[in-house]
Amino acid sequence: MKIIYTDSLVVGAGLAGLRVAIASKERGLDTIVLSLIPAKRSHSVAAQGGMQASLANTVSGMGDNEDVHFQDTVKGSDWGCDQQVARMFTHCAPKAVRELAHWGVPWSRVTEGDREVIVNAQKVTLTEAKEAHGLINARDFGGTQKWRTCYTADGTGHSLLYAVDNRAISMGIPVHERMEALKIIHDGKRCHGVIARCLITGEIRAYVAKSTTIATGGYGRIYEVSTNAIICEGIGQALALETGVATLGNMEAVQFHPTAIVPVGILTTEGCRGDGGVLRDKDGHRFMPDYEPDKKELASRDVVSRRMTEHMRKGKGVDSPYGPHLWLDITLLGQKHIDTNLREVKEICQHFLGIDPVTDWIPVRPTQHYSMGGIRTKANGESPQLSGLFSVGEAACWDMHGFNRLGGNSLAEAVVGGMIIGQYVADYCQQTTLSIDTQLIEDFGQQIEVEINQLIDGNGTEKAITLKQEMQKIMMDYVGIFRNGTQLEQAVNELSELLKRSRNIGLTCKKRHANPELVDALRVRRMLKVALTVASGAHARTESRGAHSREDFPERNDKDWLNRTLSSWPNDAALTPKLTYEAIDVMSMELPPGYRGYGTNNAIAHPDTQKRQQQIEQVLAGLTEPNDRHAKQAALMPYELPEQFMPANQRLFDNVDVKGEQAK
């Protein structure tokens, strides 16, 4: 077995992984990236709508700043996020957007003067300031108080990934393509790298490193229908889980996107609704104002998905051979706008539906889209249990999103998280030495060899693809938008039985090199463990919070459930994960739990909430500079960042308050 040594090893070549690799390389560290596919095909490329950052360049974004973005992010998370991480993120987002512009991202720009937009299905004229001409533009997205989603038409992920990958290429960072990590090398206390298999030759290699960063994306493909790329199968999370040491956080927090096309589940960006598109039922009625009269189609994604599902349950869906759906109407935006700002959506509709969204409504329904859960990390991106193991982006529970992610905060987290955590990864590499017994490497390599030999030479009777399809159907049927105890218990039992059956997988193709059947067999066992963490966590959490909606427990229960679910795998024989919980400290919050702003306020209050609110009032009353927002924030919840990211952000209209009015 070949052993390859490096300083910084990154598993995953999407935006988050590449940004960590760039940070390592900038510090003079040997850096290697492993990827299942060529980097420019990573799932980051599929993100359409944009990246949130409080630049406040547009008239509808005036008065925006880190405080407003922070409030939106915390409320969007349904108070499940780590508020210090949310602060780190919102502070650095403007810096990341401007850095990306420097690297060549062709952000859509502000044009001075009047422009017509659609707001609440009505044409509105906005007048952009002369001083803002040429600055980075922003569109409206759900769950935000200001327009802050920076974009490049509806190909933002494409633009960002190409620019970041080109940057990595220019720096000489090697990406080892068609390599799949299958095992984390560790001694129970420290991670030393991974064992990986070449998907072309079947060669088993050991990559040994001072730091290992998992940036493999989400786990959407444990579901039957998902907007995720087919490579987003949760293997990165499974690698950490199978160590028996590292924990996964909030795996039950799974977001459904409201507007995936029927039947294939391809995403149509939130930019469609942000730019003025509306949702209609089988009668052509615009129904979202009936449920959410304030935010309407631009409520948070979890809210819109639930409202759509409720409406279809009332018989208001459009019947189709693939089940009921609703309509997304962007015809009111006009051909010029669609051809300019929503061109990918138009092409998707033409190629996969045979319709033209300039004149036709788009059939949509909520579909699995994003994983808030992942490898649990500290604020520096490192696993609390396994030193040297880092995670970033959708693979991680950093925990910026809590139980629901705002649109536009995903691309932003990938880049901003990679930028911040990349510095901590580089610090770790420079401050530690690599000392490892090569026998440990051989032992982990042997484990993979044995697993492959058993699959190829054994007499198993189960088919990997059958197990995978059964798992995906269980997750879709029982662990979806609305959940209840009976179905979740059934999901856990049936998934456990599938995991047991997966120990008897047999192959019809006995090749050891390029063999898709072998790849599926190696993955499905790991995917089943990930699926079990989702179903088990959802079954145990007897409340509704963000995207986790229990019909039998509709209240958000801060009193008993203001915590993170931590999942670990007990041993090789186990059929279910071990669940523990990490309390979220109300007394350290800058923004204590409150009403999120949707539906009925049915939250069960935490006993410390009122106490913390009183403490905040006392702290603010004692400030010598009561109007200094930076002083207020520092007094309430200090946070740390790498030194180069600490300076304040600059904005065009710093003398305008959050209401867009001239500050006094």
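What you see is a predicted model, and the numbers here were worked out from it, not measured in a lab.
Here the side chains of V74 and C81 are in contact, with some heavy-atom distance below 4.5 Å. Contact of the K468 side chain with the E233 side chain is registered, since non-hydrogen atoms from C-beta on lie closer than 4.5 Å. When side chains are defined from C-beta on, V45 does not count as touching R41, because their heavy atoms never get closer than 4.5 Å. Within the 4.5 Å cutoff, side-chain heavy atoms of L100 are placed close to those of M51. Side-chain contact between V97 and I136: present, with at least one pair of heavy atoms (C-beta onward) separated by less than 4.5 Å. M476 places none of its side-chain heavy atoms less than 4.5 Å from the side chain of Q472. For the pair R19 and V392, the minimum side-chain heavy-atom distance is 4.5 Å or more. At least one side-chain heavy atom of L342 sits less than 4.5 Å from a side-chain heavy atom of C272.
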task = Let me see the working for L135 and L55 under side chain to side chain contact (heavy atoms under 4.5 Å, CB included), right down to the final yes or no.
result = CA-CA 9 Å; L135 298 182; L55 300 181; over 6 Å; no
task = Before giving the answer on side chain to side chain contact (heavy atoms under 4.5 Å, CB included), spell out for K75 and Y598 the whole-Å C-alpha distance, their side-chain angles and the decisive distance to 0.1 Å.
result = CA-CA 10 Å; K75 289 180 180 179; Y598 302 113; over 6 Å; no
request  = Begin with the C-alpha distance, continue with both residues' side-chain angles, and end with the deciding distance and a verdict on side chain to side chain contact (heavy atoms under 4.5 Å, CB included) for N341 and Y151.
outcome  = CA-CA 9 Å; N341 289 326; Y151 63 100; 4.0 Å; yes
query = Does the pair L161 and S42 meet the rule for a side chain to side chain contact (heavy atoms under 4.5 Å, CB included), with working shown?
reply = CA-CA 8 Å; L161 184 61; S42 298; 4.1 Å; yes
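Donor-acceptor pairing under 3.5 Å is recorded for the side chains of N409 and T73. For the residue pair Q145/D72, the side-chain donor-acceptor check at 3.5 Å is satisfied. Side-chain atoms of Y478 and Q490 include a donor-acceptor pair closer than 3.5 Å. Side-chain contact check for N166 and K40: at least one donor-acceptor pair (N or O, by modelled atom type) lies under 3.5 Å.
K146 places a side-chain N or O within 3.5 Å of a backbone atom of M62 that can act as its donor or acceptor partner. A distance-only check finds no donor-acceptor pair linking the side chain of S300 to the backbone of V303 [under 3.5 Å].
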List the atom pairs, with distances to 0.1 Å, where a side-chain N or O of residues 399-406 and a protein N or O form a donor-acceptor pair under 3.5 Å, not counting sequence neighbours.
residue	atom	partner	partner atom	Å
D399	OD1	G402	N	3.0
D399	OD2	R564	NE	2.7
H401	NE2	Y370	OH	3.2
H401	NE2	E413	OE1	2.9
N404	OD1	Q255	NE2	2.9
N404	ND2	G76	O	3.1
N404	ND2	D302	OD1	3.2
R405	NH2	H369	NE2	3.4

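Pairs engaging residues 265-315 under the ring-ring contact (aromatic ring centres under 6.0 Å, His included) rule: F287-H311, Y291-H311 [sequence neighbours left out]. The side-chain hydrogen bond (donor to acceptor under 3.5 Å, both in side chains) pairs that include a residue from residues 103-113 number zero, where partners must be two or more places apart or lie in different chains.
For the residue pair A53 and P94, the shortest heavy atom distance occurs at CB-N, 3.9 Å. The shortest non-hydrogen separation linking D154 to R139 is CA-NH1, 4.5 Å. The two residues R273 and H257 make their nearest non-hydrogen contact at NH2-CE1, 3.7 Å. For A535 against A491, the heavy-atom pair with the smallest separation is CB-CB, 4.2 Å. Residue P366 comes nearest to I481 through the heavy atom pair CB-CD1, 3.3 Å, listed as atom of the first residue, atom of the second, then distance. Nearest heavy-atom pair across V416 and C92 is CG1-CB, 3.7 Å.
In this structure, the separation between OG1 on T144 and CG on L298 is 7.5 Å, given to the nearest 0.5 Å. Note that CZ of R221 is 14.0 Å distant from CE of M475, once rounded to the nearest 0.5 Å. Distance CG/L498 to OG1/T466: 10.5 Å, rounded to 0.5 Å. Interatomic distance, OG1 of T331 versus CG of L328, reported as 9.5 Å (0.5 Å rounding). Note that NZ of K296 and CE of M288 are 10.0 Å apart. Values are rounded to the nearest 0.5 Å. Atom NZ of K314 sits about 10.5 Å away from atom CG of D281, to the nearest 0.5 Å.
Using a cutoff of 4.0 Å between basic side-chain nitrogens and carboxylate oxygens, R307 and E310 are scored as salt-bridged. Residues R167 and E99 are not paired through a salt bridge, judged by the lack of any N-O separation under 4.0 Å between the basic side chain and the carboxylate. The pair R651-E66 counts as a salt bridge, with a side-chain nitrogen and a carboxylate oxygen less than 4.0 angstrom apart. Checked for salt-bridge contact, R286 and E297 meet the test: a charged N lies under 4.0 Å from a carboxylate O. At a threshold of 4.0 Å, the pair E551-R313 counts as salt-bridged, since one of the basic side-chain nitrogens sits closer than that to a carboxylate oxygen.
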